[in-house]
Structures are given as C-alpha cells and as structure tokens.
Amino acid sequence: MDRLIYVAMTGAKHASLQQATVANNLANATTPGFKQELAASRALQAVGGVGYQTRAFTLEQSVGADFSPGTLQTTGRPLDIAITTEGMFAVQTGNGEAYTRNGSLEIDAAGLLKTREGFPVQGDGGPITIPENSVLTFGKDGTVSAAPINDPSQSNEIGRIKLVKPDERQLDRGNDGLFRLRDGQPAQVDAAVQVASGSLEASNVNAVEQLVKMIDYQRNYDLQVRMLQTADQNARAAAQVMVLS
C-alpha cells in the first residue's frame, strides 16, 4: 500500500511539474534562439533499510536543454543577428557572463549594444558602445562596424561580439533564460562560430509535439490521482473487514 501511495502521490506532483516545463516551452515557441527544456522522472526508493522497502517515490530530473538549431528567419532588421554554426554569444548580467542565441539586439540611450531583455552584449574588450547616429553592420566573425548615417561609406570597426562554443553538457539555464557554465568560469572565444546579420534563429520548440506531451502528462496526472483514490478505497475496505471481524 505504501508503495502505491508514494509513487502515485509524487507521480502526480511531478506530472504537474512536467506540464509546467511543457507550458514554458510552448510560451517560448516564438522566442528567437530559445532551446526547449527537457525533463524526465524516475522512481526512487524513499528510505533504505529493513522495514522500509515498500516506500518509493518519483523524482523529476531535468536533463537539460535540446540544443538542436532552429530555422533561420530573414528579418532584414539591421540589429538582428543569428548564429549560423554551433555556439552562442556572450552577454553581461548581474551574475557574471551568460550565453544566448537570441540575437534580437537594440541600442539603449547610453549607446550600449544590448539584447531586447536589457543585457549588454559582451565584446572581446567588454561592452560595445555604439557612436551616436550610426548605422551598424555585422561581420560573419562578429565584428561590429559603424558608419555615420549621412555617410555610410565611412565605416569603422568598433568592436567584436564575443562568440563562444562551450560544452553544452556543462551549461545550466538560469531563471532569466540565459545559459551559464556550471563552474562559473567564462567561456573562451571560438573563432569557428559565425553569425549572419538581418536574420534571427527561430525557437526549436515543436508546438504540436509539445501539445501532445501536455495531453500525455495530463493523462498521467489523472492516472496518478485515480491510483490515490484506489488506495483510499482499499484502505477503507480493509478497515471495514477488520471491524467486522
């Protein structure tokens, strides 16, 4: 009886958590560069030792993210960049350097090149400051060049976006949606990473697949609840037998 209750109770809990994971994936199905989150669960013995062998529960395990590339979408927007190879570009956060493939950028009032979420883009020498009234162009290697609006032919290189290719198995996603290395160290620049300007990488979330998962998890949740109800009915029946005897 204990095993049934523990597994059903924690199974229902983690089916609900997995639904939250799928909901987050669906919410980011149109977020540029988003990598879908993966999750799984497994049964685990709750307490070891003689007398407790029947107790087990379900443990949710995050298995990381699916780093497969999304499709490239041409936007024509000068401040959109997409990574066309493996790798990411670096941004500065309050918790150190972080990494993303969302290349929808903008320039703030102080002239800093930032992501739409407000994180300064990390250049090889720190944040990249854009001269006022400039037109930007991005090279395949992340080089940023600026030219006066009234004279686009006078283009000057003002920096280079830090492009990295960290070991994906060592990356964790933070609550801000950015990836960071588990050891907290900054990733090294990788010259093999390339970008394309005027394009964005679409999310790699398959909305139809996620909807099917959502239905499966809901059915799993309902099954776990029915198991709890069955355990309750069995307990009541057993108690009734003991009263009659």
Side-chain angles (χ1 to χ4, degrees), residues 21 24-25 28 31-40 61-73 75 78-108 110-130 136-146 157-205:
T21 299
N24 183 56
N25 287 338
N28 288 283
T31 301
F34 180 81
K35 300 303 173 191
Q36 70 170 330
E37 187 176 357
L38 303 176
Q61 286 184 306
S62 175
V63 293
D66 173 8
F67 287 97
S68 61
T71 57
L72 290 187
Q73 299 176 330
T75 65
L79 293 180
D80 284 345
I81 59 172
I83 295 178
T84 58
T85 62
E86 293 182 352
M88 298 179 172
F89 65 86
V91 296
Q92 288 187 334
T93 73
N95 298 321
E97 191 172 280
Y99 309 101
T100 180
R101 286 176 68 95
N102 185 348
S104 182
L105 308 180
E106 62 183 12
I107 302 170
D108 72 3
L112 280 179
L113 186 64
K114 292 185 172 182
T115 65
R116 290 290 185 96
E117 292 74 29
F119 299 109
V121 175
Q122 176 78 339
D124 288 346
I128 299 174
T129 303
I130 310 301
L136 292 188
T137 55
F138 296 93
K140 290 183 178 179
D141 60 352
T143 301
V144 183
S145 299
E157 184 177 319
I158 58 173
R160 182 178 177 183
I161 296 175
K162 183 178 180 181
L163 300 174
V164 301
K165 192 170 71 174
D167 185 346
E168 295 170 350
R169 296 169 298 181
Q170 302 301 318
L171 291 174
D172 281 333
R173 193 200 315 258
N175 293 331
D176 52 12
L178 301 173
F179 291 95
R180 294 174 176 82
L181 283 169
R182 290 173 187 155
D183 61 9
Q185 297 300 311
Q188 299 300 310
V189 174
D190 193 318
V193 182
Q194 294 190 339
V195 302
S197 61
S199 301
L200 287 175
E201 179 188 358
S203 167
N204 69 350
V205 173

For the atom pair [atom1] ([X]) and [atom2] ([Y]), what is the distance rounded to the nearest 0.5 Å?
X	Y	atom1	atom2	value
Ile81	Ser104	CD1	OG	10.0 Å
Leu178	Thr93	CG	OG1	7.0 Å
Lys165	Glu168	NZ	CD	9.0 Å
Met88	Thr100	CE	OG1	7.0 Å
Arg116	Leu79	CZ	CG	8.0 Å
Leu113	Leu105	CG	CG	5.0 Å

I'd like to know if the side chain of Thr143 pairs up with that of Asp141 as donor and acceptor (distance under 3.5 Å, no hydrogens or angles considered). yes

State whether a side-chain donor-acceptor pair under 3.5 Å links Ser68 with Asn204. yes

Taking everything shown except Arg182 itself, do over 12 heavy atoms lie less than 6.0 Å from its CZ? yes

Can you confirm whether Asp183 is buried at CG, in the sense that more than 12 heavy atoms of other residues, nucleotides or ligands lie under 6.0 Å from that atom? yes

Apply side chain to side chain donor-acceptor pair (under 3.5 Å) to residues Asn28 and Ser203 and explain how you reach the verdict. CA-CA 7 Å; Asn28 288 283; Ser203 167; over 6 Å; no

Between Pro78 and Leu136, is there a side-chain heavy-atom distance shorter than 4.5 Å? no

Closest heavy-atom pair and its distance - [X], [Y]:
X	Y	value
Arg101	Ile83	NH2-O, 3.2 Å
Asp124	Ile161	OD1-O, 4.2 Å
Glu106	Thr115	OE2-O, 3.8 Å
Gln185	Tyr99	O-OH, 4.3 Å
Leu171	Leu181	CD2-CD2, 3.9 Å
Gln122	Pro127	OE1-N, 4.0 Å

From CA spacing to verdict: side chain to side chain contact (heavy atoms under 4.5 Å, CB included), Thr31, Asn102: CA-CA 8 Å; Thr31 301; Asn102 185 348; 4.1 Å; yes

Are Glu201 and Lys35 within salt-bridge range, i.e. N to O under 4.0 Å? yes

Quick one: do Lys162 and Glu97 make a salt bridge, cutoff under 4.0 Å? yes

Give the C-alpha distance, both sets of side-chain angles, the deciding distance and a yes or no for side chain to side chain contact (heavy atoms under 4.5 Å, CB included) between Leu112 and Ile107. CA-CA 5 Å; Leu112 280 179; Ile107 302 170; over 6 Å; no

When you look at Asn25 and Glu37, which way does the side chain to side chain donor-acceptor pair (under 3.5 Å) test go after all the steps? CA-CA 7 Å; Asn25 287 338; Glu37 187 176 357; 5.9 Å; no

N/O donor to acceptor pairs below 3.5 angstrom from side-chain atoms of residues 190-198, sequence neighbours left out:
from: Asp190; atom 1: OD1; to: Ala192; atom 2: N; distance (Å): 2.8

Cationic tip of Arg160 within the cone over Phe89's six-membered ring, i.e. under 6.0 Å and within 45° of the normal? no

Kindly indicate, with the supporting measurements, whether the criterion side chain to side chain contact (heavy atoms under 4.5 Å, CB included) is fulfilled by Asn95 and Arg180. CA-CA 9 Å; Asn95 298 321; Arg180 294 174 176 82; 4.1 Å; yes

